Amino acid sequence: MLPSASTISRRLLGRLRDVMAGGGTAQDRLDKVVKLIAADMVAEVCSCYVMRAGEVLELFATEGLLKSAVHETRLRVGEGLVGIIAAHARPLALAAAQPHPHFAYRPETGEEVFHSLVGVPIIRGGRVIGVLVVQNKSQRQYTEEEVETLETVAMVLAELVSSGELINRDELAPVDGNAVLPARMEGVRLTSGIGIGMAVMHQQRVVVQKLVAEDPEVELARLKDGLNRMRHSLDRMFEAQDLAFGGEHRDVLETYRMFAEDAGWRARIAEAIQSGLTAEAAVQKVHEDTRVRMGQVSDPYLRERLHDLEDISNRLLHHLVRGAEAGSSLETELPEDAVLICRTMGPTELLDYDRRNLRGLVLEDGSPTMHVAILARALDIPVVGRVKDALARIEAMDPVVVDADNGQVFVRPSDDIVDAFSANVEARAVKLATYAAMRDLPAVTRCGAPVRLMLNAGLLADVPQLDATGADGIGLYRTEMPFMSRSHLPDVHAQTLLYSKILDAAEDRPVVFRTLDVGSDKLLPYWNSADEDNPAMGWRSIRITLDRPAVLRHQLRALVAAASGRELHVMFPMVAEVAEFIAARTLLDMELARHRSGGGEAPSKVRVGTMLEVPALAMQLPALLPRVDFISVGSNDLTQFLFAADRGNTRISDRYDVLSPPMLNFLRWITTLCGNAGVSLSLCGEMAGRPLDAMALIGLGIRNLSMSAPSVGPVKAMVRSLSLERLEDYMNTLFDLPDHSVREKLRSFALDHGVQL
Ligand code: PEP
Ligand code: MG
């Protein structure tokens with residue numbers, strides 16, 4: 001009987017271990033390794049290519065090719081079959097290599113006599129650092145087991161290549177520009193705020209030293225033990241977090257726990273152990289494999305799961321490497337004023353750090369809905385994501401300014417920049433104290449006109465901001481977050497529970513629930529979204545929920561149940577025509593009737609409205625107004641549709657100004673018609689939260705503004721310093737101007753009239 005693949009690779013790994021532990025230079029050891037692999041795999045050739053600076057793969061050792069080619073033959077990433085393996089970070093096995101379109105003939109190697117080829121990438125930290133290749137003269141069909149064996153060997157080789165003995169470690173890091181000069185790096189704002197501190201590199205804190213094991217049974221037992229200890233420590237951590245968080249944060253942690261219980265993941269680790277690896281090396285191998293595979297996936301949800309996997313793998317490694325004495329917590333001390341730099345971070349890794357010293361977080365990867373961003377927002381930590389090459393360009397202990405508000409990071413900043421941001425942080429603290437002192441004062445203009453200031457919210461954790469800011473209620477509750485952070489559609493029960501908690505937390509203040517507004521940039525993990533040329537104008541929002549009425553009905557059912565005996569405010573998003581509003585409202589009426597016939601207590605009052613984000617709806621206001629209780633202008637979407645300028649395209653998203661004659665005229669038209677019909681009008685886009693823009697909206701006659709929590713203080717300060725008569729007259733001079741923007745004119749008006757901006 002032929003020996004099984006795992007026996008082959010165990011035997012090979014045992015020999016490799018002896019070579020690695022033996023004497024000689026790193027080059028000597030590599031030479032022995034390729035010889036060993038060729039013999040073990042009955043191949044005429046085994047070669048190892050190592051990635052050099054400038055993304056070039058250099059032949060470093062070979063058994064079977066001409067030795068004179070070593071350190072001479074070089075291929076760019078993407079060039080030749082070796083370059084293709086590196087570019088795709090995937091194995092390639094070909095019985096006939098030469099007819100392959102990417103085959104690049106290198107006469108100095110003498111490889112023309114070899115027909116079949118199998119190669120695997122050598123990967124370290126998610127980056128390809130070399131390629132390991134085996135060739136045969138015959139047209140050999142390599143088996144899957146052989147490819148896997150080679151992958152396992154490549155993992156062992158990764159240690160040697162990255163040890164710094166073969167090539168300088170710096171060559172393995174992509175460096176861009178001069179590392180010691182001050183630098184400004186651009187990214188994406190994932191949470192808001194400013195943080196100043198010293199860079200601390202967040203690292204995989206566990207280094208796997210022992211890769212090869214004698215006895216798989218012992219390793220399987222160690223794995224089981226490590227998994228058990230990890231599970232207990234997670235339970236304890238989640239219990240502790242439960243005291244601090246509720247709602248969606250809990251969901252994030254639950255999703256994470258499910259990952260830890262994933263049977264497929266555990267089975268793959270066990271398989272890797274069977275092939276001769278230690279338990280910790282097996283965890284690392286499975287993780288590297290998944291990372292490479294998922295790194296090529298563009299689906300944002302799947303990419304985010306990768307962060308969770310990374311987190312959980314690290315945690316398991318900790319338990320395996322440090323053993324029982326490691327304790328349950330990975331609590332990591334931070335120096336004072338630390339800014340963490342990492343490619344990405346799992347949600348619980350953030351919780352391991354001492355928050356009191358943490359000033360900010362810089363990620364190479366990331367999106368606002370990733371789990372670590374959701375937690376960081378709740379903890380008020382400024383985060384900038386998608387900062388290209390952050391790990392290569394920032395050194396530990398570099399001074400760093402994280403300007404999350406503007407999605408930028410300053411590394412080794414000049415004293416001027418540090419001074420400016422320090423002053424900004426201090427001024428912010430002073431302003432925050434002023435706003436806090438105004439919390440219980442009414443938002444009334446100097447001339448006595450009241451303005452309702454409401455909150456935009458999307459997490460249960462946002463609701464306590466009602467008390468913190470003194471806002472009058474929630475003018476826009478975006479319900480999509482729990483739909484986006486889960487792996488499946490939340491059922492009626494889960495939604496009812498969440499909406500009840502929100503209403504409980506808001507006490508007697510109104511909460512306007514906006515029904516599911518997904519599609520475009522807000523993708524659900526479990527619904528396949530077809531590629532659309534213009535997703536912002538595509539199948540999104542009310543269009544989806546009217547096409548899938550069961551989803552909308554379930555959400556409305558949950559809202560009606562949650563609002564039993566209290567007020568219910570429902571708002572439909574992205575309505576383009578009255579017929580859509582009527583269709584959505586009919587579903588709500590059906591759910592109200594269903595609730596009543598089931599014996600449920602009806603909401604004490606039901607108010608139904610629509611967002612106005614699509615210009616067409618404004619052209620149907622006479623038909624719409626008698627049918628709605630309120631309208632809320634979504635200026636974010638309205639602006640993109642009014643100017644035909646994609647709000648997500650940074651090249652043009654700032655090209656047109658909301659404080660411009662077209663937008664102001666449009667808003668005046670809506671305000672006049674709503675006023676005449678006695679329908680309540682509010683505005684809940686970003687402009688409502690900017691004091692100058694809010695001043696213009698009040699000047700137009702809009703008296704309800706809904707904004708994010710940090711904007712309430714600044715807008716209230718503006719309102720309380722404003723006098724309306726002069727403003728209304730002044731605004732009347734702006735509508736017919738040919739200007740691109742009237743922002744500066746309005747700013748001058750504010751300055752001249754003592755309006756606090
Ligand atoms: C808007 O479009 O202005 C709005 C408030 O909705 P969202 O930003 O959630 O699309
Ligand atoms: Mg919108």
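Remember, it's 1-based here, ligands and their atoms both numbered in the order they're listed. The structure presented is a predicted model; accordingly, all values stated were derived computationally and were not measured.
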Asks: What part of Arg514, side chain, backbone, both or neither, has a heavy atom within less than 4.0 angstrom of ligand 1?
Replies: side chain
Asks: Is Arg668 positioned over the aromatic face of Phe735, cation under 6.0 angstrom from the ring centre and no more than 45 degrees off axis?
Replies: yes
Asks: What atoms of ligand 1 come within less than 4.0 Å of a heavy atom belonging to Gly685?
Replies: 3 (O)
Asks: Give the atom numbers and elements of ligand 1 that come within less than 4.0 Å of a heavy atom of Cys684.
Replies: 5 (C)
Asks: Return a yes/no value for Glu480: is any of its N or O atoms, backbone included, closer than 3.5 angstrom to an N or O of ligand 1?
Replies: no
Asks: Within this structure, what is the CE-OG distance for the pair Met663 and Ser741, rounded to the nearest 0.5 Å?
Replies: 12.5 Å
Asks: Classify the contact between Leu476 and ligand 1 as side chain, backbone, both or neither, using a heavy-atom distance cut-off of under 4.0 Å.
Replies: side chain
Asks: Assess whether a salt bridge exists between Asp508 and Arg566, defined as any Lys/Arg side-chain N lying under 4.0 Å from an Asp/Glu carboxylate O.
Replies: no
Asks: Taking only Lys NZ, Arg NE, NH1 and NH2, and the carboxylate oxygens of Asp or Glu, determine whether Glu591 and Arg553 approach each other closer than 4.0 Å.
Replies: yes
Asks: Would you name the N/O/S atom of Glu613 that lies closest to the Mg ion (ligand 2)?
Replies: OE2
Asks: With a cut-off of 2.8 Å, does Asp517 place any N/O/S atom under that distance from the Mg ion (ligand 2)?
Replies: no
Asks: Just jot down the ligand 1 atoms closer than 4.0 angstrom to any heavy atom of Asp637, in number order.
Replies: 1 (C), 2 (O), 3 (O), 10 (O)
Asks: For N/O/S atoms only: which one belongs to Asp637 and is nearest the Mg ion (ligand 2)?
Replies: OD2
Asks: For the CE atom on Met537, are there more than 12 heavy atoms of other groups (residues, nucleotides or ligands in this structure) within a distance under 6.0 Å?
Replies: no
Asks: The test is salt bridge (charged side-chain N to carboxylate O under 4.0 Å, His left out); show your working for Arg540 and Glu532 and say whether it passes.
Replies: CA-CA 11 Å; Arg540 57 175 288 202; Glu532 295 180 308; over 6 Å; no
Asks: Between Arg743 and Asp657, is there a salt bridge with N-O shorter than 4.0 Å?
Replies: yes
Asks: Below 4.0 Å from any atom of ligand 1, is there a heavy atom belonging to Met574?
Replies: no
Asks: Judging by distance only, is a nitrogen or oxygen of Arg540 under 3.5 angstrom from one on ligand 1?
Replies: no
Asks: In this structure, does ligand 1 have an atom that sits under 4.0 Å from one of the heavy atoms of Met611?
Replies: yes
Asks: Are any of the side-chain nitrogens in Arg509 or Asp467 under 4.0 Å away from the carboxylate oxygens of its partner?
Replies: yes
